[in-house]
Amino acid sequence: MKENKKAHWEKVYKTQSAQQVSWTQPIPQTSLDFIHAFNLPKNAKIIDIGGGDSKLVDYLLQEGFTNITVLDISAAALIKAKKRLGKKSKAVNWIISDIIDFQPEDHYDLWHDRATFHFLTQEKQIDQYLAIAHGAINNYMIISTFSENGPEKCSGLPVKQYSEMQLKNQLNKHFEKIRCINEDHLTPFHTTQSFLFCSFKKQQADS
Ligand SMILES: C[S@@+](CC[C@H](N)C(=O)[O-])C[C@H]1O[C@@H](n2cnc3c(N)ncnc32)[C@H](O)[C@@H]1O
């Protein structure tokens, strides 16, 4: 099952262009808006979970962020992103891993995940993800999933849709909600997908 998951994503990135997959954004504006709201220093440690070949890393580099990590299960996705960035890719830390197997060696000021968490459909996987995130995050988390009005599948795989309340309840053991919005994402094929974007702050041990 695990190998199937990786094989699925390797195939997607080897056979489909950015214009052929639904999640592509020319500018990841909502993610950037949420990130700007934190007013992070340029040396803040930022990780993009399931970053794929998203351009978020390009924009963060352009803004002067110096400590960016992109993690993805697909090596092919990261090769695409590195190719696009050319020499600038050397300034980024690239990690090929299933998020469930990730053993962070660092702590991150910001954990960003657009459309990866929602592929975890079993309670055990969700708990594993949140335990890893909780251990690795210093401050903030941004999670974006399909909303309760979003599609039931993404890239042909089943996803878990979330309302604001459901996501808040899923995370409330360790994270406090800051803000949520719904966004209609316009796909490269001119259809829309309803996303939920939420930011959270990690609760400190004594709070
Ligand atoms: C729908 S795409 C979103 C890509 C990117 N975040 C964006 O917004 O453009 C989902 C991404 O998550 C990655 N992915 C899926 N399951 C994963 C897992 N268990 N661990 C790490 N990455 C995963 C896929 O390879 C893919 O790049």
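Whatever order the structure lists ligands and atoms in, that order sets their numbers, starting from 1. Only a predicted model underlies this, so the values are computations on that prediction, with no experimental measurement involved. Quick note: numbers below take in every heavy atom, side chains included, and nothing from hydrogens, waters or symmetry partners.
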Looking at ligand 1, would [X] count as a contact under a 4.0 Å heavy-atom criterion?
X	answer
Asp72	yes
Ser155	no
Phe102	no
Gln25	no
Ser97	yes

Protein heavy-atom partner closest to atom 12 (O) of ligand 1 - residue, atom, separation in Å: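 The answer is Thr116 OG1, 3.1 Å.
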When you measure from atom 15 (C) of ligand 1 to every protein heavy atom, which one gives the shortest distance, and what is it?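 It is Trp9 NE1, 3.4 Å.
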Is there a side-chain contact between Ile96 and Trp94 (heavy atoms, below 4.5 Å)?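 When only atoms from C-beta onward are counted, Trp94 and Ile96 do not touch, as no gap falls below 4.5 Å.
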Measure from atom 23 (C) of ligand 1 to every heavy atom in Val70, Val12, Leu157, Ile73 and give the option owning the shortest one.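 It is Ile73 whose heavy atom sits nearest to atom 23 (C) of ligand 1.
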Minimum non-hydrogen distance to atom 5 (C) of ligand 1, winning option of Gly50, Ala81, Ala18, Gly52: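 Nearest option to atom 5 (C) of ligand 1, by heavy atoms: Gly50.
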Is the Phe195 to Trp23 ring centre distance short of 6.0 Å?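 That pair fails the under 6.0 Å test.
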What do you reckon, does Asp98 have a nitrogen or oxygen under 3.5 Å from a nitrogen or oxygen of ligand 1?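 For ligand 1, there is an N or O atom that lies under 3.5 Å from one belonging to Asp98.
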With atoms numbered from 1 as shown, which atoms in ligand 1 lie under 4.0 angstrom from a non-hydrogen atom of Arg114?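 Reading through ligand 1 atom by atom, the close ones are 3 (C), 5 (C), 6 (N), 7 (C), 8 (O), 9 (O).
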Between Ala115 and ligand 1, which part of the residue brings a heavy atom under 4.0 Å of the ligand: side chain, backbone, both or neither?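 Looking at Ala115 and ligand 1, atoms from backbone and side chain both fall under 4.0 Å.
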